[in-house]
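Residues take their numbers from the sequence shown, with the count starting at 1.
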Amino acid sequence: MLSYCGGCKYFTRRDPGGRNGKSTSCALRRSQLYWQRIRKPPKTYLTLKKKHPDLLRAVEVLGEAARKAGPLDDKTAHLIQLAAAAAIRSEGSVHSHVRRAKEAGATPAEIRHALLLLTSTVGFPTVAAALTWAEDVLGK
């Protein structure tokens, strides 16, 4: 069922049962809940959200729509996004997707393996950097 969300100002699919039995009214609310559970959002994210709120809402809704567009579970989706973040050498995105993959049930071994699988594609130096960034989160 589609409904209009005043919080994110987009039409979103309502999932009455939500994930883990919790209501998931919109991508914006899920993003807010994510940061409340995990930790304070990174400073850069907060600055962008303050300066460009409509853009950040659209990006969050797009990410949610992409994850729901197919049969992959959240853990697999975040491991794929982690690999993409590593491939473009985005330290902040690697941090974010390690946290999100862990939240979705990925073990540290699965996260490290997802990164190691990139070696023949993106090269050892990129993988070594990504593993270091992943350890920033996994080591906590």
Side-chain angles (χ1 to χ4, degrees):
M1 167 197 301
L2 289 178
S3 64
Y4 181 75
C5 176
C8 68
K9 298 189 172 54
Y10 289 94
F11 283 94
T12 58
R13 181 177 298 167
R14 274 199 173 271
D15 181 5
R19 292 183 184 159
N20 303 322
K22 297 177 183 169
S23 175
T24 54
S25 60
C26 71
L28 175 65
R29 183 68 183 140
R30 281 189 300 279
S31 175
Q32 291 167 344
L33 291 172
Y34 168 77
W35 289 116
Q36 288 171 5
R37 282 191 315 269
I38 300 301
R39 63 179 184 83
K40 184 178 176 186
K43 185 177 179 181
T44 303
Y45 174 86
L46 292 174
T47 301
L48 284 170
K49 192 166 188 163
K50 184 176 181 179
K51 289 183 178 181
H52 308 285
D54 291 340
L55 175 64
L56 266 286
R57 275 193 291 271
V59 169
E60 290 166 358
V61 169
L62 176 62
E64 185 71 21
R67 279 188 293 283
K68 288 184 174 183
L72 297 178
D73 61 25
D74 280 350
K75 179 175 89 170
T76 304
H78 285 300
L79 289 172
I80 290 168
Q81 289 176 300
L82 169 61
I88 64 169
R89 299 182 63 91
S90 175
E91 181 178 359
S93 293
V94 168
H95 288 159
S96 176
H97 286 292
V98 167
R99 281 190 295 272
R100 290 172 184 251
K102 277 179 59 177
E103 183 185 64
T107 66
E110 290 172 324
I111 290 167
R112 290 180 188 105
H113 188 220
L115 294 171
L116 287 172
L117 288 170
L118 298 172
T119 304
S120 64
T121 307
V122 300
F124 181 74
T126 299
V127 170
L131 286 167
T132 301
W133 300 330
E135 288 304 322
D136 292 344
V137 176
L138 296 174
K140 292 182 179 179

**Prompt:** Going hydrophobic residue to hydrophobic residue with side-chain gaps under 4.5 angstrom, can you get from L56 over to L46?
**Reply:** yes

**Request:** Compare every heavy atom of T126 with every heavy atom of A86, then report the nearest pair and how far apart it is.
**Result:** O-CG2, 3.2 Å

**Prompt:** Yes or no on side-chain hydrogen bond (donor to acceptor under 3.5 Å, both in side chains) for Q81 and H78, after CA distance, side-chain angles and deciding distance?
**Reply:** CA-CA 5 Å; Q81 289 176 300; H78 285 300; 3.3 Å; yes

**Request:** Of all the heavy-atom pairs spanning E110 and A106, show the shortest one and how long it is.
**Result:** OE1-CA, 3.2 Å

**Message:** With rounding to the nearest 0.5 angstrom, report the CD to CZ distance, E60 to R57.
**Reply:** 9.0 Å

**Message:** Using 0.5 Å steps for rounding, measure from the CD atom of E91 to the OG1 atom of T132.
**Reply:** 9.5 Å

**Request:** Report yes or no: does T47 contribute a side-chain atom to a donor-acceptor pair with the main-chain N or O of K43 at less than 3.5 Å?
**Result:** yes

**Message:** For residues L55 and L62: do they belong to one hydrophobic cluster (side chain heavy atoms under 4.5 Å, members Ile, Leu, Val, Met, Phe, Trp, Tyr)?
**Reply:** no

**Asked** Among L72, L79, D74, which one satisfies side-chain contact (heavy atoms from CB on, under 4.5 Å) with T76?
**Response** L72

**Message:** As an exercise, state the distance from NE2 of H95 to CG of D136, rounded to the nearest 0.5 Å.
**Reply:** 3.5 Å

**Request:** Evaluate the criterion salt bridge (Lys or Arg N to Asp or Glu O under 4.0 Å) for residue pair R67 and E64; output intermediate values, then yes/no.
**Result:** CA-CA 5 Å; R67 279 188 293 283; E64 185 71 21; 3.6 Å; yes

**Asked** Under a 4.5 Å cut-off applied to non-hydrogen side-chain atoms, are L138 and K102 in contact?
**Response** yes

**Request:** State, with a plain yes or no, whether a side-chain heavy atom of V98 is found less than 4.5 Å away from one of W133.
**Result:** no

**Request:** Might you point out which heavy atoms bring V137 and R99 nearest each other, and give the distance in Å?
**Result:** CG1-CG, 3.5 Å

**Complete:** For A134 and V94, the nearest pair of non-hydrogen atoms, with its separation, is N-CG1, 4.0 Å

**Message:** Tell me whether L116 shares a hydrophobic cluster with V122, the cluster being built from Ile, Leu, Val, Met, Phe, Trp, Tyr side chains joined at under 4.5 Å.
**Reply:** yes

**Prompt:** Going by heavy atoms in the side chains, are L118 and L115 under 4.5 Å from each other?
**Reply:** yes

